[in-house]
A.B. asks: 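Handing you this structure, nothing more for now.
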There are 2 protein chains.
Amino acid sequence: MARKPADQAVNRHDILIAAANVFRRKGYHGTKMADIAAEVDLTAGSLYHHFPDGKQQILREVLTDGLAMVTAEVQAIVEDNTLTPDEKFRKAVYAHIMALAQNVSVAAALVFETRNLLEDQSARDSYLQRRDSFEQLYRQVIHEGIEAGVFRHVDVPIFTKALLGSNNWVGVWFRPTGRLSGEEVAMEIADVFLNAVLIKT
Amino acid sequence: MARKPADQAVNRHDILIAAANVFRRKGYHGTKMADIAAEVDLTAGSLYHHFPDGKQQILREVLTDGLAMVTAEVQAIVEDNTLTPDEKFRKAVYAHIMALAQNVSVAAALVFETRNLLEDQSARDSYLQRRDSFEQLYRQVIHEGIEAGVFRHVDVPIFTKALLGSNNWVGVWFRPTGRLSGEEVAMEIADVFLNAVLIKT
DNA sequence: GTCTATATGGTGATAGAC
DNA sequence: GTCTATCACCATATAGAC
């Protein structure tokens, strides 16, 4: 399926989006280079012009770009120290879920395909490190809330895992055509976790 | 690696556990029949004696048995109407997470490999139907709590998805050798979600 | 930058001996 | 019930024309 107005040259980004779409339907190993190529009206061989290292490179860049996108959203909020801890937490969760809901194919890849980042150990390690840094952002926000006396003394690592599990899962089940919009889902889940930590006055 | 005292015949269950272990390390498509066979000291060809339909059948049975195990734990609690809504909810979440933490390989398969249940449409549909029934159990518990006036008026489907996301995710990150035991993790997460719904008095 | 054609390697599954 | 040997197929990646 063409994603561009007729016969316009495809670029790297088009291919990465196409790849994420196919990965979501068939999984990384179930996806043939020909499947990705067909999605952008190319043939399998042509993909190697854009990605010399082949399928692994495509996966690597889908994940790297996807994680960078999600991180950017959340990091901006976490670093904004004009916000109170509970505002910061709510906005971070909201932005995180919105980013995933607006890119479900990439979001699903972040959940399901990270495990297939096998080859190129160094690229794999640097990706996992950035993923840990992302998780660290949330831990920091929760920690700040506890220190400020507005959050309960939850176990920060476990609470963070619970939150990440819920949020990541949105990328698996959310459909833009569903009952609720991305905004509504993001609000509701942010509300759930804020209620879970907030000390009621 | 042998899982049995020397040279004892393997049975279906041994193979399913072995398969789940390999799936967790390599993913379904990354797993060769020879890998599963090696885990129980057999050769690839021998597996077809136990599972005539091959790799798909092994996956299907790993998931079916795994889901049945998890469902059994939770269902017993949901049907126990001597419990108050909040007790019922806490025990259900606790039991669910414990079941996953005690079988991480199967738990990971339930998250990552369901998507690979491609062939045999009827088997696939019946599995997905049972998974929906499991989700329905949680919705029911939450609904009961709201009706009883002890839970907030959360959006039940979304709250349930958030809870399932957190719980499923335990099967992805939990390691028995980690800082906290399965019991501690289960308690903590049950606490998080109970705090999220409970109306504070 | 995209194509076609093909080399290459690998894996699920089968057949038949033991 | 498990083995060995092998078939048949498929997908990644490459080479070179256009």
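Predicted, not measured: the structure shown is a model, and the values here were computed from it. Note on naming: letters A, B, ... go to the chains in the order of the sequence lines (proteins, then strands), and numbering restarts at 1 for each one.
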A.B. asks: Going by the rule side chain to side chain contact (heavy atoms under 4.5 Å, CB included), which residues pair with B:S133 if we only count those two or more places apart in sequence or in a different chain?
C.D. replies: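 Result, side chain to side chain contact (heavy atoms under 4.5 Å, CB included) vs B:S133: none returned.
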A.B. asks: Which letter, B, S or -, goes with each nucleotide of nucleotides 13-18 of chain D from 5' to 3', with contact meaning a protein heavy atom under 4.0 Å?
C.D. replies: BB----
A.B. asks: Verify the contact: side-chain N or O of B:S46 to OP1 or OP2 of D:dG1, cut-off strictly under 4.0 Å; return yes or no.
C.D. replies: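 No, because none of the side-chain N or O atoms of B:S46 sits under 4.0 Å from OP1 or OP2 of D:dG1.
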A.B. asks: Give me, pair by pair, the N or O atoms of the protein and of nucleotides 6-10 of chain D that are less than 3.5 Å apart, along with how far apart they are.
C.D. replies:
none

A.B. asks: In Å, rounded to the nearest 0.5 Å, how long is the span from CG of B:D41 to CG of B:D14?
C.D. replies: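 One gets 11.0 Å once the value is rounded to the nearest 0.5 Å.
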A.B. asks: Tabulate below the donor-acceptor pairs under 3.5 Å that side-chain atoms of residues 102-112 of chain B make, not counting sequence neighbours, or state none.
C.D. replies:
unit_1	atom_1	unit_2	atom_2	d
B:N103	ND2	B:A99	O	2.8
B:S105	OG	B:N21	OD1	2.7

A.B. asks: For B:F151, what residues pass the ring-ring contact (aromatic ring centres under 6.0 Å, His included) criterion, not counting sequence neighbours?
C.D. replies: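 B:F89.
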A.B. asks: Counting the benzene-type ring for Trp, do B:Y28 and A:H29 have ring centres under 6.0 Å apart?
C.D. replies: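 Ring-ring flag for B:Y28/A:H29: false, centres at least 6.0 Å apart.
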A.B. asks: Measuring to OP1 and OP2 of C:dT2, would you say a side-chain N or O of A:H50 lies under 4.0 angstrom away?
C.D. replies: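 A:H50 to C:dT2 OP1/OP2: side-chain N or O found under 4.0 Å.
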A.B. asks: Among C:dT4, D:dC3, C:dG1, which nucleotide has an atom closest to any side-chain atom of B:T43?
C.D. replies: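 So the side chain of B:T43 is nearest to D:dC3.
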A.B. asks: Whole angstrom is fine here: how far is it from NE2 in B:H49 over to P in C:dA15?
C.D. replies: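 The answer, rounded to whole Å, is 16 Å.
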A.B. asks: CD1 of A:I36 versus C1' of D:dA11: gap in Å, rounded?
C.D. replies: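 Result: 12 Å.
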A.B. asks: Could you state the atom-to-atom distance from CZ of A:R12 to P of C:dG1 in whole Å?
C.D. replies: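 These atoms are roughly 11 Å apart.
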A.B. asks: Taking side chain to side chain contact (heavy atoms under 4.5 Å, CB included) as the criterion, tell me which of A:L67, A:L16, A:I17 meets it with A:V62.
C.D. replies: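 The residue from A:L67, A:L16, A:I17 that satisfies side chain to side chain contact (heavy atoms under 4.5 Å, CB included) with A:V62 turns out to be A:L16.
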A.B. asks: Under 6.0 Å between ring centres: does that hold for A:H96 and A:F134?
C.D. replies: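 Yes.
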A.B. asks: Tell me the ring-ring contact (aromatic ring centres under 6.0 Å, His included) pairs involving residues 174-195 of chain A, sequence neighbours left out?
C.D. replies: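 Non-adjacent pairs meeting ring-ring contact (aromatic ring centres under 6.0 Å, His included): A:F159-A:F193, A:F193-B:F193.
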A.B. asks: Once you round it to whole Å, what is the distance between C1' of D:dT12 and NE2 of A:H29?
C.D. replies: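 After rounding, the gap between these two atoms is 13 Å.
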A.B. asks: Checking contacts here: which listed nucleotide (C:dT2, C:dT4, D:dT2) is nearest the side-chain heavy atoms of B:L42?
C.D. replies: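 Selected nucleotide: D:dT2.
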A.B. asks: Please say which of A:T82, A:D80, A:N81 ends up in a side chain to side chain donor-acceptor pair (under 3.5 Å) with A:K88.
C.D. replies: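 Single side chain to side chain donor-acceptor pair (under 3.5 Å) partner of A:K88 among A:T82, A:D80, A:N81: A:N81.
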A.B. asks: What is the distance from CZ of B:F51 to P of D:dT2, rounded to the nearest Å?
C.D. replies: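 Going from CZ in B:F51 over to P in D:dT2 covers 12 Å.
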A.B. asks: Without decimals, in angstroms, what is the distance between A:I15 CD1 and C:dG1 P?
C.D. replies: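 It works out to 10 Å between those atoms.
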